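Ligands are counted one by one from 1 in listed order, and the atoms in each one are counted from 1 as well. Keep in mind that this is a model prediction, so the values were computed, not measured.
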Amino acid sequence: MKIIVTGGAGFIGGNFVYYELKNHPEDEIICLDKLTYAGNLETLEEAMKNPKFKFVKGDIADRKFVYELFESEKPDIVINFAAESHVDRSIEDPEIFLKTNVMGTQVLMDACRKYGITRYHQVSTDEVYGDLPLDRPDLFFNEDTPIHTSSPYSASKASADLLVLAYYRTYKLPVTITRCSNNYGPYHFPEKLIPLMIANALADKPLPVYGKGENVRDWLYVEDHCAAIDLVARKGKVGEVYNVGGHNEKTNLEVVKTILKQLGKPESLITFVTDRPGHDRRYAIDPTKIHNELGWLPQTKFDDGIKKTVQWYLDNRNWWESIISGEYKNYYEKMYANR
Ligand code: NAD
Ligand code: TYD
């Protein structure tokens with residue numbers, strides 16, 4: 001089997017490349033990635049040594065390039081991780097989110113139609129469902145929850161999902177979609193909550209918590225997400241959406257305090273800053289469908305996963321220190337200086 005993994009130089013796509021090489025050594029993986037600010041070839045350094053792996057630099061929204069790639073590679077499966085993924089950046093400048101997340105998805109699916117594939121899998125997010133109130137712990141997102149987005153990022157992901165389902169209904173393209181909650185683990189870009197807080201704490205810099213830190217996210221260790229995608233892309237029912245999450249809800253403040261405790265740093269580093277506009281209050285996934293239909297269950301508990309993650313950042317300083325000392329510095333200044 002030949003699999004095109006788009007966005008494989010990013011956080012989840014990179015972890016997925018390693019998951020596939022380990023669990024399906026017979027398959028060939030082609031990573032297609034534009035190497036935006038979020039893509040990092042160092043993440044794929046080990047994979048590059050594997051003859052079953054190939055890296056190709058390119059833009060999923062570039063039709064000519066994508067068609068040529070499909071023409072020469074003739075993939076069986078396409079798994080689309082490639083996206084602009086940061087909510088705060090989408091608030092600053094939505095345009096590239098529409099171009100990559102919506103138009104890029106369309107181009108990939110057109111290539112799938114033209115050259116023929118056995119499965120197109122779209123990696124989506126629970127953010128397409130909007131948010132849940134903080135005072136209703138009985139409510140969860142299931143696959144029938146209406147789409148109701150808050151940020152330009154989530155609106156672009158929801159638009160792509162609708163397009164994916166339209167290509168199934170109209171053209172019978174064999175698609176599946178997973179909608180997962182917040183991931184954490186190795187190779188997570190330091191603009192996101194968990195790695196940002198680890199990096200700042202290690203430098204004894206303030207930890208910028210938005211609002212009162214009461215917003216709730218449902219955290220899933222990235223390897224568990226990779227296992228779910230692998231299962232759905234190979235065995236999931238065509239035309240279906242599967243929610244992925246492990247019932248691991250935490251307030252942001254709880255997460256930040258756990259990190260500080262593990263690093264032996266004081267809570268006085270926590271600094272409450274101006275809230276994110278339109279900030280989603282709570283995400284919480286009901287993963288009953290993927291469990292009942294495909295037997296998926298998360299393997300890593302938050303307490304263990306966060307320990308492993310903090311340790312990974314301690315052991316791999318080169319990976320993230322080279323990021324935060326480069327162009328990222330300007331982003332950080334712009335986003336946090338006057339917050
Ligand atoms: P990321 O930002 O770490 O990585 C995105 C990757 O896509 C990068 O390597 C980047 O270079 C590449 N890319 C961006 N634009 C591209 C383009 N036009 N053409 C080719 N490559 C391009 O993102 P992530 O956190 O790994 O998220 C991966 C996917 O999972 C996204 O679709 C995201 O919406 C979804 N998702 C993320 C989370 C999460 O918690 N991070 C949760 C649920 C779903
Ligand atoms: P983030 O990692 O950006 O993921 P998402 O917005 O997709 O859930 O943020 C996770 C939560 O942490 C979210 O409620 C916003 C909050 N947050 C902060 O409080 N401070 C920060 O510096 C960042 C980046 C996020």
Provide, to 0.1 Å, the distance between atom 3 (O) of ligand 1 and the closest protein heavy atom, together with that atom's residue and name.
Phe11 N, 3.1 Å
Do me a favour and list the nearest non-hydrogen protein atom to atom 15 (C) of ligand 2 with residue, atom name and distance?
His279 NE2, 3.4 Å
Short list, please: which atoms of ligand 1 are under 4.0 Å from a heavy atom of Lys157?
31 (C), 32 (O), 33 (C), 34 (O)
Hey, which atoms in ligand 1 end up nearer than 4.0 Å to a heavy atom of Gly58?
19 (N), 20 (C)
Within a 6.0 Å radius of atom NE2 on His279, are there more than 12 heavy atoms belonging to other residues, nucleotides or ligands?
yes
To atom 38 (C) of ligand 1, the nearest of Thr125, Asp126, Ile12 on a heavy-atom basis is Ile12
In the protein, what heavy atom is nearest to atom 8 (O) of ligand 2, and what distance, to one decimal place, separates them?
Arg217 NE, 2.7 Å
Looking only at protein heavy atoms, identify the closest one to atom 5 (C) of ligand 1 and say how far it is in Å.
Ala83 O, 3.5 Å
Where ligand 1 meets Ala9 - atom numbers and elements under 4.0 angstrom, heavy-atom basis
9 (O)
Cation-aromatic face contact Arg113/Tyr120, 6.0 Å, 45 degrees
no
With only distance considered, is Cys180 within less than 3.5 Å of ligand 1 through an N or O on each side?
no
For atom 25 (C) of ligand 2, grab the closest protein heavy atom and report residue, atom and distance to one decimal in Å.
Tyr210 CE1, 3.6 Å
Could you pull out, from Ala160, Ser85, Ser181, Gly104, the option with a heavy atom nearest to atom 2 (O) of ligand 1?
Ser85
Counting heavy atoms only, name the option from Tyr153, Phe81, Phe65 that's nearest to atom 31 (C) of ligand 1.
Phe81
Using only atom types and a distance under 3.5 Å, with no angle test, would you say the side chain of Asp315 pairs donor to acceptor with the backbone of Tyr313?
no
